[in-house]
Protein chains: 2
Amino acid sequence: MKDPRFAEHLAVFVDVVRQGSFSGAGRRRGQTPSAIVRQIDALEHSLGVPLLIRSTRALTMTDAGERLFERAQPLLDQLTDTHAEIAAFDGAIAGTFRLACFPTFGKRYVIPAIERVMAEHPRLTIELDLTERLADPVLERLDAVIRIGRLADSTLIASKLADQCRLLIASPHYLARSGRPGTAAELAEHRLIDKLHGADLLGWSDVGRTAGGAAAIGPAVFRCDDFEAMRLAARAGIGIAFLPDWVIGTDVQAGELIRLPLEDEPWNAEPSGVWLLRALAQPSARLRIVSTALRETIGTPPVWTCG
Amino acid sequence: MKDPRFAEHLAVFVDVVRQGSFSGAGRRRGQTPSAIVRQIDALEHSLGVPLLIRSTRALTMTDAGERLFERAQPLLDQLTDTHAEIAAFDGAIAGTFRLACFPTFGKRYVIPAIERVMAEHPRLTIELDLTERLADPVLERLDAVIRIGRLADSTLIASKLADQCRLLIASPHYLARSGRPGTAAELAEHRLIDKLHGADLLGWSDVGRTAGGAAAIGPAVFRCDDFEAMRLAARAGIGIAFLPDWVIGTDVQAGELIRLPLEDEPWNAEPSGVWLLRALAQPSARLRIVSTALRETIGTPPVWTCG
DNA sequence: CTCCATCTTTGCCAAATGCGCAAAGCCGTT
DNA sequence: AACGGCTTTGCGCATTTGGCAAAGATGGAG
């Protein structure tokens, strides 16, 4: 075909129509409006007919554009399905797998899992994005992201890697020195370790809220954006921390940190977990292998679980 | 989809399988084997599985490759058909139309036709390749080529623009000075005008062959690769020329050149013509417009026809 | 009516990509 | 063993792509 980039530009065109603007499509794709405009110009030039009638506030399709839009989605779906079908072959795993997750989880569990996968599949390469942000697999062209906590509704497909709980914990010598709180209200008299710029799914507000009445939170004397640092601060006796069990579960098991199960921990009443999220319905062979390795590394029940 | 170039590389993959080698696919596409290899590498990397088992003599597909090959052709056909369907909308003609033809034909008939088309469609742009070569529309990414004479079988789709004949002609004063040959054999005693590096479909050998026995060809005293120059040489009385009627038809009509219909011109026994050839089954809107303009410029019967 | 926010467009330029070239090595045939 | 034609890959260069910034358009809010 004369225009090898036809399918590529077609997908851009569909995004423009769906989003209603070049700017919207650009945000969706992580590109500037000028880049989008140029790709649509290339498509129109290749076809020799205009597809869109533009103004700065309204974008409408021509007859040709409407016809193309009708035809485009099934075509793009078939391309996507075919890509996924072939990518699911696992005779010989190669290529790049891109994953985003929280830094602490990544260092603790993902890297060990991936070490093993790469040993077994030398031609596989990994790009691991350790970030506190909620990465978007579609926008950032990731194969998967690991999300922790409760999931917001989205078009992403989730598979559960493990359960998780959030634990109130302190070191034994902190408790010996400052007393052991018996209720959530008593936390007001204690020194707390807080997350500096945490994601929405973590934070003391859950403890305050589920204990009833006004949040009874004491002063945060140590704030940091890194789970690992918070764990070390807790072990050092700086204060009481509120952390996921995958961060401190093994310290609790070892007696280095003491769990404070105040009021039966209502913040764990609803199920919560560690999830692997992907955009495509059909998992690629790489994703299945990485998923399996993660589950094996995490264990069943997870290695961080406290009785 | 993660790989925007998937469809593009898919088409390359299909060519590689069809041609049986990277080198063959490269020749088909006008690219070097290294460029083809890289595109296949990109495809395999994107899919994460090998598609081809390579050696320097044999290229075989893996299971994944076979499956992809099965799926690819219908997909690529649908893309091509969709492109063609949309390109056939002629609400507003724009884009580039690429055409190749012989220089003399181009200057005499194509440029006047295209002048008119571009006046009517200001957003249309034309790339006109005036060449003595037989241009390949697929390889050179042309919308169409004009071929003259009898057509070799090919996958190209031909529509006839006009009939053509080849004529033996000389100027009146050449004939007055050198005598008028009555048979093909008598040409041996005359001075001839020949084409320097002509294409297969033109040349004195046809005159010699159809007149029976050994070719009775006189000395070529003027050789040139340009039809227009040959026409001017004939008018100047340099010798006898053997040219298509679209080159010298109007000179014969005006009496400036005399047609020599030796032995009922057996070289015109089989039909011959001027053809517009394209690669795609469905003509684009641009092609229809250019085709119509060419027919109108050439006329019915052609303006060059001699009674 | 004015202002503002957000859009599209386009020239310019930097960054990224793709490809040709050339060389090395492989492989089947002669 | 030699040869022809293949694949592969490093390198350099040309081309393409896309971000930036500025200009102008447009609808809604005040």
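First the proteins, then the strands, lettered A, B, ... as listed; each starts at 1. It should be emphasised that the depicted structure is a prediction, and the values quoted were computed from it without experimental measurement.
B:T32 and B:S34 form a side-chain donor-acceptor contact under 3.5 Å, judged by distance and modelled atom types alone.
Looking at A:R71, its side chain never comes within 3.5 Å of a backbone N or O of B:D81 through a donor-acceptor pair. The main-chain N or O of B:Q78 is found under 3.5 Å from a side-chain atom of B:T82 such that the two form a donor-acceptor pair. At least one donor-acceptor pair closer than 3.5 Å links the side chain of B:E44 to the backbone N or O of B:L51.
A straight line from CG of A:D41 to P of C:dT9 spans 7 Å, rounded to a whole angstrom. The CD-P distance, from B:Q19 to D:dC6, rounds to 11 Å in whole Å. Straight-line distance from the CD1 atom of A:I40 to the C1' atom of C:dT9: 14 Å, rounded to whole Å. Atom NE2 in A:H45 sits about 15 Å away from atom C1' in D:dT16, given to the nearest Å. To the nearest angstrom, P of C:dC7 lies 12 Å from CZ of A:F22. Going from atom CD1 of A:I36 over to atom C1' of C:dT9 covers 14 Å, rounded to whole Å. A:D3 places its CG atom 13 Å from the P atom of D:dT16, with the value rounded to the nearest Å.
Not one side-chain nitrogen or oxygen of A:R29 sits closer than 4.0 Å to the OP1 or OP2 atom of D:dG19. Close to D:dG5, at under 4.0 Å from its OP1 or OP2, lies no side-chain N or O of B:S21. Within the 4.0 Å cut-off from OP1 or OP2 of D:dC6, at least one side-chain nitrogen or oxygen of B:R27 is found.
Between A:K107 and A:E228 there is no salt bridge, since no side-chain N of the basic residue sits under 4.0 Å from a carboxylate O of the acidic one.
No more than 12 heavy atoms of other residues, nucleotides or ligands shown are found within 6.0 angstrom of CZ on A:R28.
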If a protein heavy atom is under 4.0 Å from the base, mark B; if only from the sugar-phosphate, S; if neither, -; do that for nucleotides 12-23 of chain C going 5' to 3'. B-----SBBB--

